[in-house]
Visitor: 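Here you go, one structure.
Numbered from 1 within each chain, the chains take letters A, B, ... in sequence-line order.
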Amino acid sequence: MKERLQQQLEEAIRALLAEAGDAGEIPAVALEIPRQKEHGDFACNAALLLAKRLGRKPREIAEALVEALGDAGGLVDRAEVAGPGFVNLWLAGDRWRDVLRGILEVGRSYGGSDEGAGVRVQVEFVSANPTGPLSTGHGRQAVLGDCIARLLEFRGFDVTREYYFNNGGRQMRVLGQSVKARYLEALGVAAPPPAAVLADPEKSWVDEVGGLPVQFPADGYQGDYIVELAEALCAEHGDALVGEPAEAIFREVAEKQIFAGIRATLDALGIHFDVYSNEKTLYDEGKLDAVLEDLRAVDLIYESEGAVWLRGTTLGLDRDRVMIRSSGEPTYLLPDIAYHREKMERGFDVVVDVMGADHIDQFPFVREAMSALGYDAGRIEMVMHQFVTLTRAGRKVKQSTRKATIVTADDLLEEVGGDVFRFFMIERRADGHLDFDLDLATERNWNKNPAYYVQYAVARTHGIERTAADAGLAMPGADDFDADRLNLPEELEVMKKLGEFPELVARAAAAREPHHLAYYLRDLAGLWNPYLQDGTRHRVVSDDAGRTAARLGLVLAVRTVLTNGLALLGIAAPERM
RNA sequence: GCGCCGGUAGCUCAGCUGGAUAGAGCACCAGGCUUCGAACCUGGGGGUCGGGGGUUCGAGUCCCUCCCGGCGUGCCA
């Protein structure tokens, strides 16, 4: 619809330019839906853009444009010049109604496209290391990444969801040590670390067991989940593991169990990854050494103070960074670079890295290193998101790692449910902070909750279908009704909104900004729920068979769009609530 | 100090490549259920779009500058 109008418009502009002896390019005119509906269905600013170039008054040009456009091949009912020189266009009424047929014909794929056909995209997200349960921030990232993936799939891209984690480095050793210390504590052979030690990250705690020192690491993991892991080991193995090194069974069991917990959380959110990658594999396959050699070959590596450094300054960055510590252990940077090289080698056309604000510092180094290694770093995108804060009873919920007052993604999920969790997490732009309002999310009067508001709009369409079925009526097919019977202004409003959906999806996908969907759905439901409220003026199932069929068509179209939109957010579209 | 991200109604936030009179939810006030679903709806009050300058026919949107907040600036993760 809009495309056709745009085409007509450009032709008219071309004609206008030709008349003035101007054979240049036509400007990128905006054809947009005005905020005020008194300004028509579409408004065009072409005359304003051309004024200087043609040396004529904008309104004059606008008049000429209106004349040249005519009825735009039957699309336009009325056109007028307004304000400083806008051309406001009113579409012929039946053109809006075409939207309904279009929706019913394609149904579930309305809003989708094949623009991404043959393009392989990897979306990497969550990527939390298996050292503890997912935080609310990870929860946000999980929903964000999944929704981006869903959007891209809907636009025809070949999407791989991937989770990468570091399991080879120092933090996993600390994890093993933490579990072992708690294990000995559970056995009763070691004392728990004093509170003063736990409160000070610089201090470590040492106890003697069988003449050997056992240490709770200074930066050990303090969460209750570590204690629980240790107690489970104690119950299963008794004291048989006392002589085992922390790096062996303790570390392995912890990684396995914690990772299982993470996957359970993701499962509960309906999020499934295609590929799990980890640092250890890269290490075992020699990928870390290889990347180091190749970076050395282009003179980006040097040694200093016993550590191996990447020359960030040569790459145009503000500093150099350590790749391998003087202890011999790599930092995160080296495996990250090796991992991204793998992404390139695996042939993805586009790589989207979703990451929290605290990780973005690393990104330019990875990107520039890719470039230096001869890859097209332009294929690598970053989507950054800020943190999540919780508000309960009008106050910020204080969270502290040290005091173990962390609210996990699981806690939150249990409290509000998956649909609300997803809606609230995706509702805001990723690059702003997210204030998760628990009062609103757990509101007993569900009507205040925007997630339910949209779902309710869907449920009502099913209620109408049930009523229709009771009257012996089936939902109509695309050609089974006369859309001209829908001529109330509020019906046209709904149809216009439905018509915007494909462009909205395209924009959200291209910009990797799923939050637009949440607002769109809220808006559409905000037209639809009031429409249904007026049961006399807008009664769908009535004695008027023709109008009933047309309105059932509208009901089905609205449901289709709401359902498609909710699916892109991973939220259920219920038949009843 | 430097870098990134924010600052829009009492609160939480939308605002597409610059467009006309800046929107929504919550909160607050006043109303509405013999209704295909009231988990809903109708109406109302409420704004120096952080401050200042600039570009433009036109700026919440672009540029400069300052202020405020978050994050980063580790041989932490």
Visitor: Counting the atoms with a prime plus P, OP1 and OP2 as sugar-phosphate, which does A/E503 contact under 4.0 Å by heavy atoms, base, sugar-phosphate, or nothing?
Guide: nothing

Visitor: Quick one: sort the A/F165 and A/F259 rings into parallel, tilted or perpendicular, breaks at 30° and 60°.
Guide: tilted

Visitor: Which residue pairs pass the side-chain hydrogen bond (donor to acceptor under 3.5 Å, both in side chains) test when at least one of the two sits in residues 502-514 of chain A, sequence neighbours left out?
Guide: A/K2-A/E503, A/E381-A/R512, A/E513-A/H516

Visitor: Using the C1' atom in both, what is the distance from B/rG60 to B/rU48, to the nearest Å?
Guide: 13 Å

Visitor: Quick one: is B/rC41 close enough that its OP1 or OP2 comes under 4.0 Å of any side-chain N or O from A/Y456?
Guide: no

Visitor: Using the side-chain contact (heavy atoms from CB on, under 4.5 Å) criterion, which residues pair with A/D534? Sequence neighbours excluded.
Guide: A/T536, A/R537, A/H538

Visitor: If you check the A/W309 side chain, which of B/rG72, B/rG23, B/rC75 turns out closest?
Guide: B/rC75

Visitor: Just to be sure I understand the rule, does A/A307 reach a base, reach only the sugar-phosphate, or reach nothing, if contact means heavy atoms closer than 4.0 Å?
Guide: base

Visitor: Considering every strand and a 4.0 Å limit on heavy-atom distances, what is the contact class for A/D361: base, sugar-phosphate, or nothing?
Guide: sugar-phosphate

Visitor: In whole Å, what is the span from the CZ atom of A/F363 to the P atom of B/rC5?
Guide: 13 Å

Visitor: With a 4.0 Å cutoff (strictly under), does any side-chain N or O of A/R539 reach OP1 or OP2 of B/rU35?
Guide: no

Visitor: In residues 316-332 of chain A, what residues come within less than 4.0 Å of RNA chain B, judged by heavy atoms?
Guide: A/R319, A/V322, A/R325, A/S326, A/Y332

Visitor: Nearest nucleotide by nearest heavy atom, which residue falls closer to the 5' end of RNA chain B, A/H359 or A/E465?
Guide: A/E465

Visitor: Show, in sequence, the C-alpha distance, side-chain angles and deciding distance for A/D289 and A/R296, and conclude whether the salt bridge (Lys or Arg N to Asp or Glu O under 4.0 Å) test is met.
Guide: CA-CA 10 Å; A/D289 291 337; A/R296 203 186 296 275; over 6 Å; no

Visitor: Whole angstroms only, please: what is the CD-C1' distance between A/E80 and B/rA20?
Guide: 13 Å

Visitor: A/F423: which residues meet the ring-ring contact (aromatic ring centres under 6.0 Å, His included) condition with it, sequence neighbours left out?
Guide: none

Visitor: Taking for each residue the nucleotide of RNA chain B bearing the nearest heavy atom, is the 5' side occupied by A/T389 or by A/A525?
Guide: A/T389

Visitor: Classify the side-chain pair A/D435/A/T391 by whether it contains a donor and acceptor separated by less than 3.5 Å.
Guide: yes

Visitor: In whole Å, I'd like the distance from the CG atom of A/D437 to the C1' atom of B/rA27.
Guide: 11 Å

Visitor: What pairs with A/Y520 under ring-ring contact (aromatic ring centres under 6.0 Å, His included), at least two apart in sequence or on another chain?
Guide: A/F501

Visitor: Could you check how far CG of A/L440 sits from C1' of B/rA24, rounded to whole Å?
Guide: 13 Å

Visitor: Report the residues that fulfil ring-ring contact (aromatic ring centres under 6.0 Å, His included) with A/F387, sequence neighbours left out, ordered by chain and then residue number.
Guide: none

Visitor: The criterion is salt bridge (Lys or Arg N to Asp or Glu O under 4.0 Å); which residues satisfy it with A/D318, sequence neighbours excluded?
Guide: none

Visitor: Under 4.0 Å, counting only non-hydrogen atoms across every strand here, what does A/E500 touch: a base, just sugar-phosphate, or nothing?
Guide: nothing

Visitor: What residues form a side-chain contact (heavy atoms from CB on, under 4.5 Å) with A/V81, not counting sequence neighbours?
Guide: A/R59, A/A62, A/E63, A/V66

Visitor: Could you tell me how far apart A/D439 (CG) and B/rG25 (P) are, to the nearest whole angstrom?
Guide: 19 Å

Visitor: Among residues at least two apart in sequence or on other chains, which ones pass salt bridge (Lys or Arg N to Asp or Glu O under 4.0 Å) with A/D480?
Guide: none

Visitor: Could you identify which residues of residues 512-520 of chain A place a heavy atom less than 4.0 Å from some atom of RNA chain B, listed by residue number, or say none?
Guide: A/H515, A/H516, A/Y519

Visitor: Could you check how far OH of A/Y531 sits from P of B/rA38, rounded to whole Å?
Guide: 15 Å

Visitor: Checking all strands, does A/R576 fall into the base, sugar-phosphate, or nothing category for heavy-atom contacts under 4.0 angstrom?
Guide: base

Visitor: Mind calculating the distance between CD (A/Q386) and P (B/rG70) to the nearest angstrom?
Guide: 12 Å

Visitor: Take atom CG of A/D435 and atom P of B/rC5, then tell me their distance rounded to the nearest Å.
Guide: 22 Å

Visitor: By salt bridge (Lys or Arg N to Asp or Glu O under 4.0 Å), which residues pair with A/R551, not counting sequence neighbours?
Guide: A/E491

Visitor: Below 4.0 angstrom, which residues in residues 421-433 of chain A have at least one non-hydrogen atom near RNA chain B?
Guide: A/R428, A/R429, A/D431, A/H433

Visitor: Give A/P58 one of three labels, base, sugar-phosphate or nothing, depending on what nucleic acid heavy atoms sit under 4.0 Å from its own.
Guide: nothing

Visitor: Do the ring planes of A/H515 and A/Y519 sit parallel (below 30°), tilted (30 to 60°) or perpendicular (above 60°)?
Guide: perpendicular

